[in-house]
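Structure record follows, encoded as structure tokens.
When reading the values below, keep in mind they use all heavy atoms of this one structure, side chains included, and skip hydrogens, waters and symmetry mates. Whatever order the structure lists them in is the order used to number ligands and atoms, beginning at 1.
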Amino acid sequence: MPETRPARLPMHTYDENLADMVFAYMRERLQLDPVPLDHPGVKDKLDRTLDGLLGADGNDPADVLALYADHLAPAVISCDSPRFLSFIPAAPTKAALLFDMVVSSASLQGISWLEAAGAVAAENQVLRLIADLAGLPEGAGGCFVSGGSAGNLSALVVARDTGARRRLAEGYVPSGPWRVAVSDQAHSSIGNTLRIMGVDALVVPTADHRLTGAAVRAALAADPDPRSVVGVVATAGTTNAGIVDDLAGVGAVADEYDLWFHVDGAYGGAGLFAPSVRAKYDGIERADSFVVDPHKWLFAPFDCAALVYRQPALARGVHTQDASYLDVLHTDAAEEWNPTDYAYHLTRRARGLPLWFSLAVHGTDAYRDAIEAALTLARDTARLIRETPHLELIREPELSAVLFRRRGWSAEDYHAWSQRLLAGQIGFVTPTGWEGETVARFAFLHPGTTPEMVREMLDTMA
Ligand SMILES: *Cc1c(COP(=O)(O)O)cnc(C)c1O
């Protein structure tokens, strides 16, 4: 080590130089406009870079930060680049990103009212706003969890336990596992969740990829043991195609058959903010539980999912952990709200706060406009595709995902095209599957994605 470098301070001491270095890096990262896409990593190269770094003695922080900035960060494809149109992109606001650093620095333990009332009150303000948009009643509430997967799992455990309790109280005894009705289009995390829970799926076939109340009713009517079904899951915006299920119809069937009605809006739930699509969500107000991922289309940093229950007491009954050292968290105080009681977790980051800060700073109109911008771009792109002879639109976009074909292309052509786009830093657009065929898909979300960028990407398919 060069001797000119300042001596390292003891581990928990504030180090002005280190702080300046990290803040400088953050300033630079936050100001990148546009954020470069960057590249996939090469394992050997990354291993060589990291080799020997972690040992008994530390390293100069400047060297470690430089190693990150020069070698690791560029080997991460930036999902907040406006040219990232794969999977579900990210576009956190600067306000949310900055406040995320505040949350980190403040070591908030978002577990309980006792420890973090200030943070929990602010998170609950956001949950209330989301509940109001969905039309859920006064009294609805929940917590922020790490993602849609964690939200779906936490909600469906409550669905199963609540449903099972009701059925058993009625004298019904199942001959096998409890079941939950799901669409054949449900997100992979739903199937995963049911496997983890030991719950079977009653898979309801869809016509045109959209779950309807009629289809759920028909499946239950044809089933030899419908009372073993205790819940139903609808999707408010499928991840692949952005299709919103018939929430009103499914909710009505849930009432008829006494099923827990869970709505997975991890991606599409943000559309509740957008007047141009709000009517598609009619019926969501019937949900017993609802998930939306602010780290997707509500412009929050990773990781942040909002989980809201119509009757939070039911979730509390299922998720509250019983341990002597936690007894003090649970008093009879009416205002007490322990986020830990509403999901499968104990310790938790107050991960709703970056969204709270950004919403408070920008106001909900700015969110509405940013979400509408992605919807408009999807509609304009669909028109452009329809007008381009060698391209074929697969379906009108309902939300911000656009599926289309390049006439005459094989699966290999799509994959080669995707790699060319990334190598040229023009876009990151991975192909997807649709009815057994490989096709192209744009997922819009980033307000910085322009029609010119889209045209540039489409031109490479000529
Ligand atoms: C993204 C997504 C999930 C999973 O959410 P994570 O935050 O990735 O865990 C679940 N359901 C739908 C519809 C999604 O789009």
*Only pairs at least two apart or in different chains count here, so list each side chain to side chain donor-acceptor pair (under 3.5 Å) that has a residue in residues 107-136.*
Q109-T347, E123-R348, Q125-W356, R128-D132
*Going through the distances and angles, do V291 and H262 end up as a side chain to side chain contact (heavy atoms under 4.5 Å, CB included)?*
CA-CA 8 Å; V291 165; H262 176 67; 3.7 Å; yes
Inventory of protein N or O atoms under 3.5 Å from ligand 1 N or O:
residue  : atom   : partner : partner atom : Å
ligand 1 : 5 (O)  : G148    : N            : 3.2
ligand 1 : 5 (O)  : D293    : OD2          : 3.3
ligand 1 : 7 (O)  : G148    : N            : 2.8
ligand 1 : 7 (O)  : D293    : OD2          : 2.6
ligand 1 : 7 (O)  : H295    : NE2          : 3.0
ligand 1 : 9 (O)  : G148    : N            : 3.2
ligand 1 : 9 (O)  : S149    : N            : 2.8
ligand 1 : 9 (O)  : S149    : OG           : 2.7
ligand 1 : 11 (N) : D264    : OD1          : 3.2
ligand 1 : 11 (N) : D264    : OD2          : 2.6
ligand 1 : 15 (O) : T239    : OG1          : 2.7
ligand 1 : 15 (O) : K296    : NZ           : 2.9

*Checking ring pair (Phe, Tyr, Trp, His ring centres under 6.0 Å) for the pair W297/F273: CA distance, chi angles, key distance, verdict?*
CA-CA 10 Å; W297 207 0; F273 280 81; over 10 Å; no
*Should D258 and R227 count as an ion pair when the cut-off is N to O under 4.0 Å?*
no
*For the pair E437 and R405, find out whether any cationic side-chain nitrogen is under 4.0 Å from an anionic carboxylate oxygen.*
yes
*Give, for atom CG of D80 and atom CG of L97, the distance between the pair rounded to the nearest 0.5 Å.*
7.5 Å
